[in-house]
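All residue numbers in this chain count up from 1 along the given sequence.
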Amino acid sequence: YQGRLFGGIYDNRLLLKPVQPALTLLENPVYELPYPGAKSMLHIKEVEDAARAGAEYMISPNMNVDVIKKTKELGKGSMPGALTTTEVVTAYEAGADVVKIFPAGNFGESYIKALQGPCDFIPYAAVGGVNADNMKSLMEAGYNMVAVGGNLVNKDLVIKEDYQKITELAKQYVQNI
């Protein structure tokens with residue numbers, strides 16, 4: 001987290017698998033998170049636990065109407081994953097604030113343009129396969145935001161505690177916006 005923070009990116013989501021250690025970290029963060037959230041929310045109980053621990057938004061890998069509705073019932077932001085037009089519209093109608101398209105980087109710019117044809121009123125997030133080289137073109141193609149994971153916080157760099165390199169990568173992302 002330190003490298004991203006110093007590089008100008010303020011990523012606040014936490015992977016809630018395994019759930020208990022992540023909830024403990026959310027309740028007692030090492031760094032103060034301006035807008036903490038949780039990802040991989042598959043079940044209502046996970047949403048409830050994350051909200052109770054302080055998460056302000058929930059990211060799901062799939063489109064589960066019950067998870068979306070519970071998230072909104074708790075007054076939290078919802079970003080479910082979807083791929084087809086049916087999933088995208090269903091997620092939005094269930095209350096999703098933003099619909100994440102995964103793996104957006106693999107589909108390229110043409111996919112979001114096709115989705116936006118009938119669904120240009122829905123906010124989209126490009127997730128998966130997003131890197132410093134393609135993020136700007138994805139945004140220009142129609143995504144409202146991008147999310148970056150392993151391309152920014154490389155496991156090898158974390159193991160080596162090479163926060164300087166993560167900081168440099170984060171700065172590249174910020175410069176390319």
Side-chain angles (χ1 to χ4, degrees), residues 1-42 46-47 49-62 67 71 76-83 96-112 123-177:
Y1 185 82
Q2 181 179 9
R4 290 179 291 165
L5 179 67
F6 294 140
I9 295 176
Y10 305 93
D11 181 344
N12 305 322
R13 65 191 164 105
L14 297 172
L15 174 62
L16 285 180
K17 307 288 182 197
V19 174
Q20 195 52 50
L23 290 176
T24 301
L25 182 59
L26 193 57
E27 291 168 340
N28 304 293
V30 176
Y31 296 96
E32 194 61 38
L33 303 174
Y35 193 63
K39 76 172 202 171
S40 299
M41 300 286 96
L42 292 169
E46 293 172 336
V47 170
D49 290 346
R52 198 170 19 264
E56 293 297 330
Y57 62 94
M58 311 297 166
I59 301 174
S60 300
N62 63 329
V67 167
T71 299
K76 307 302 179 184
S78 173
M79 185 191 299
L83 190 58
D97 298 290
V98 176
V99 177
K100 83 173 193 180
I101 305 300
F102 179 89
N106 299 66
F107 287 107
E109 295 84 10
S110 62
Y111 191 73
I112 188 61
Y124 296 98
V127 181
V130 177
N131 57 52
D133 295 326
N134 69 4
M135 64 181 267
K136 185 173 182 175
S137 63
L138 290 169
M139 295 284 291
E140 289 171 348
Y143 285 100
N144 302 87
M145 63 183 69
V146 296
V148 184
N151 286 335
L152 174 59
V153 185
N154 178 290
K155 287 181 184 179
D156 292 334
L157 295 176
V158 173
I159 290 168
K160 293 179 198 173
E161 296 184 10
D162 190 350
Y163 301 116
Q164 181 60 39
K165 180 64 176 170
I166 295 172
T167 299
E168 290 168 18
L169 288 170
K171 287 179 181 178
Q172 287 177 0
Y173 281 87
V174 171
Q175 289 172 357
N176 288 349
I177 292 178

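For the atom pair Leu169 CG and Leu157 CG, the distance stands at 6.5 Å (nearest 0.5 Å). Going from atom CG of Asn144 over to atom CG of Leu138 covers 12.0 Å, rounded to the nearest 0.5 Å. Distance CD/Glu140 to CD/Glu109: 9.0 Å, rounded to 0.5 Å. Atom-to-atom distance recorded for Met58:CE and Lys39:NZ is 15.0 Å, nearest 0.5 angstrom. Atom OG1 of Thr71 is separated from atom CD of Glu46 by 10.5 Å, given to the nearest 0.5 angstrom.
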*Could you go through the side chain to side chain contact (heavy atoms under 4.5 Å, CB included) check for Tyr143 and Ile101 one step at a time?*
CA-CA 9 Å; Tyr143 285 100; Ile101 305 300; 3.6 Å; yes

*May I have the step-by-step check of side chain to side chain contact (heavy atoms under 4.5 Å, CB included) for Met135 and Tyr173, ending in yes or no?*
CA-CA 8 Å; Met135 64 181 267; Tyr173 281 87; 3.2 Å; yes

_Residue pair Asn62, Leu42: steps toward the side chain to side chain contact (heavy atoms under 4.5 Å, CB included) verdict_ = CA-CA 7 Å; Asn62 63 329; Leu42 292 169; 3.5 Å; yes

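Residues satisfying the side chain to side chain contact (heavy atoms under 4.5 Å, CB included) test with Phe107, not counting sequence neighbours, are Leu83, Pro103, Tyr111. Scored by the side chain to side chain donor-acceptor pair (under 3.5 Å) test, Asp97 finds Lys72 as partners (sequence neighbours excluded).
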Would you mind writing out the side-chain donor-acceptor pairs for residues 123-131 within the sub-3.5 Å range, not counting sequence neighbours?
residue, atom, partner, partner atom, Å
Tyr124, OH, Cys119, O, 3.0
Asn131, OD1, Asp133, N, 2.8
Asn131, OD1, Asn134, N, 2.9

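Heavy-atom minimum distance, Val146 versus Met139: CG1-SD, 3.8 Å. Across all non-hydrogen atoms, the minimal contact from Gly142 to Ile112 is C-CG1, 4.0 Å. Here the closest non-hydrogen pair linking Ala96 and Pro80 is CB-CD, 3.4 Å.
A donor-acceptor distance shorter than 3.5 angstrom exists from the side chain of Ser60 to the backbone of Met41, with no hydrogens or angles considered.
Counting heavy atoms from C-beta outward, Val98 and Met145 have side chains that approach closer than 4.5 Å.
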